[in-house]
Amino acid sequence: MSLSGQPAEVAPARPATGRGHLFTNGTVDDYRQVVAAGIERVATRVAGTDRPFTGVTPDELAPGVAAVDLDAPLAGTAAALDELEDLYLRDAVWFHHPRYLAHLNCPVVIPALLGEAILTAVNSSMDTWDQSAGATLIERRLIDWTNQRIGLGPAADGVFTSGGTQSNLQALLIAREEACARAVVPGVGPTPTRAELLPRLRILASTAGHFSVQKSATLLGLAPEAVVTVATDARRRMDPAALAREIERCQRQGLVVMAVVATAGTTDFGSIDPLPAIADACAATGVRLHVDAAYGCGLLVSRTRRDLLDGIERADSVTVDYHKSFFQPVSSSALLVRDRAALRHCTYHADYLNPARAVEERIPNQVDKSLQTTRRFDALKLWLTLRIMGPDALGDLFDEVVDRAAEAWRMLDVDPRFEVVTRSQLSTVVFRWLPGGECGPADGDLVDAANRYAREALAASGAGMVAATTVDGRQYLKFTLLNPETTGADVAYVLDLVAAHARRYVREHRPAALSCPV
Ligand SMILES: *Cc1c(COP(=O)(O)O)cnc(C)c1O
């Protein structure tokens, strides 16, 4: 098939009635053909991508999407897929491409795609056993498997979620409820009311922690100043001494620390907070510890770096994102808890769904543990991944990208065109282009603008994609390496492009800043 021309696959025309579109025992042949046609389009696209992106702009794509008459269906599957080529597939951002170096998006493994195809067709819903027979048991095994890898102990439990944001929200909801159940506030009497307590609750996280912690605090009705940031060391890891001081300060001021959120793999710096020392500080002060391992969870299957997570087994709850470092498609995440009783804070009963009686009857209704009701069987993707590939093969892939990031860091460290920030413990690299080592200090705003421009120009060309962030108020660029296919040569190629774009920007705006050739 040519990408723009007539598709070679035989896709059935639109059945005469809506009923013909239902997936039933009478339409399995259509199912086979239609889904195969879609798979063929994606496969052809992926085989032909030579860049991670086309550089398309929202303004270029929007008219085509707006012009579609959603009340007037096309003649059939092939026509709809043709249209989709133009509106989506041709210009999609391809995470499998080795020069996609931007965000925490991984290329996905084929066993997980198989799982995705199966789970969406069977369409189990994980809320109750009577909508998910078998699936519930598979999800529970994977929660137990993950808990064993973490070392959370015999009472541990958890549930799959839509992502790290939701996992963190649920962890902090549990922490809030636990704090409300236990808190004693000096000067407020032995049992403060919820109204007295909520404004006093605090969450301690490092300055490099994830913004979903702040979002969760707001959703949970906490005060705007509820998230207290704790200083980090030079490698952007939470400073345990600063943490102990903050806990002490909060307690002295009559505030209640409902949780410390340690990050095992910060989004920008790939830094892992010192978990044993943080766990000590929490244990000494009776504070709940949540470990956000949305990114670093891949180390759970690493054969060479598992020790970087030492101390995680002392957490009260843990967030993992299989869709970041387990090479799973979005969405696939979980919240794990040390004490299964903690999940009771998420348990509500409805006569039409999960009556309280079901608990006594030992019917495993996962909705009792979840913030969601109807919920995908995302666990199946990880299940088939483990059954087909096994954990070592997954961990080896993650180890490879961590090695690649170290290599990229070394390249940048000796390259006079760039300044590179602290070396990541995982697979990010934060750096920025500078107008040249021997040229004297250049204007900070100009350098910021040149780096911003370089990133945008690179994306517009589609030749590579990098992310951006700020460090100490200055504009930096970031690689997040999650593709084992990315080579040192890919990294070098993208760096040359970044430097060329940035130089062009400075040449056009302030040529004097380029006083020497680089
Ligand atoms: C990505 C990330 C999250 C949020 O996870 P989503 O799956 O995007 O919702 C939370 N914490 C950290 C450290 C992350 O990197």
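Indexing begins at 1, ligand by ligand and atom by atom, following the structure's order.
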Check your understanding: Can you tell me if Q166 has a non-hydrogen atom under 4.0 Å from ligand 1?
Key ->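 So Q166 does not count as touching ligand 1.
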Review point. At the 4.0 Å heavy-atom cut-off, does S333 count as touching ligand 1?
Key: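 Checking ligand 1 against S333, which is what was asked, there is no heavy-atom contact under 4.0 Å.
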Specify the protein heavy atom at minimum distance from [atom]: its residue, its atom name, and the distance to 0.1 Å.
{"atom": "atom 9 (O) of ligand 1", "answer": "T165 OG1, 2.6 Å"}
{"atom": "atom 2 (C) of ligand 1", "answer": "K324 NZ, 2.2 Å"}
{"atom": "atom 6 (P) of ligand 1", "answer": "G164 N, 3.3 Å"}

Within ligand 1, which atoms have a heavy atom of [X] less than 4.0 Å away?
{"X": "L104", "answer": "15 (O)"}
{"X": "D321", "answer": "5 (O), 6 (P), 7 (O)"}
{"X": "G265", "answer": "13 (C)"}
{"X": "A294", "answer": "2 (C), 3 (C), 10 (C), 11 (N), 12 (C), 14 (C)"}
{"X": "T267", "answer": "12 (C), 13 (C), 14 (C), 15 (O)"}

Point to revise | Closest to atom 12 (C) of ligand 1 among V261, D292, N105 (heavy-atom distance) | key: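 Going through V261, D292, N105 one by one, D292 has the nearest heavy atom to atom 12 (C) of ligand 1.
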Give a yes-or-no answer on whether the side chains of [X] and [Y] include a donor-acceptor pair shorter than 3.5 Å.
{"X": "H103", "Y": "T267", "value": "no"}
{"X": "Q366", "Y": "S370", "value": "no"}
{"X": "Q131", "Y": "T128", "value": "yes"}
{"X": "H290", "Y": "N168", "value": "yes"}

Review point. Do ligand 1 and T263 have nitrogen or oxygen atoms that lie under 3.5 Å from each other?
Key: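 No, there is no polar N/O contact under 3.5 Å.
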Exercise for review: Could you label the plane-to-plane angle of the F398 and Y295 rings as parallel, tilted or perpendicular, counting under 30° as parallel and over 60° as perpendicular?
Suggested key: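 Rings of F398 and Y295: perpendicular, as their planes differ by over 60°.
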Review point. Parallel, tilted or perpendicular: which fits the ring planes of W145 and F326, with parallel below 30° and perpendicular above 60°?
Key: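 Answer is perpendicular, since the angle exceeds 60°.
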Point to revise | Between CG on residue L142 and OH on residue Y322, distance to nearest 0.5 Å | key: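 These two atoms lie 6.5 Å from each other.
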Check your understanding: Which is it for T319 and ligand 1 at heavy atoms under 4.0 Å: side chain, backbone, both or neither?
Key ->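 None of T319 does.
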Practice item. State whether the side chain of R340 and the backbone N or O of P154 hold a donor-acceptor pair below 3.5 Å, judged by distance alone. Key: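 Yes: the side chain of R340 pairs with the backbone of P154.
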Review point. Salt bridge between E177 and R344, side-chain N to carboxylate O under 4.0 Å?
Key: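 Salt bridge flag = no for R344 with E177.
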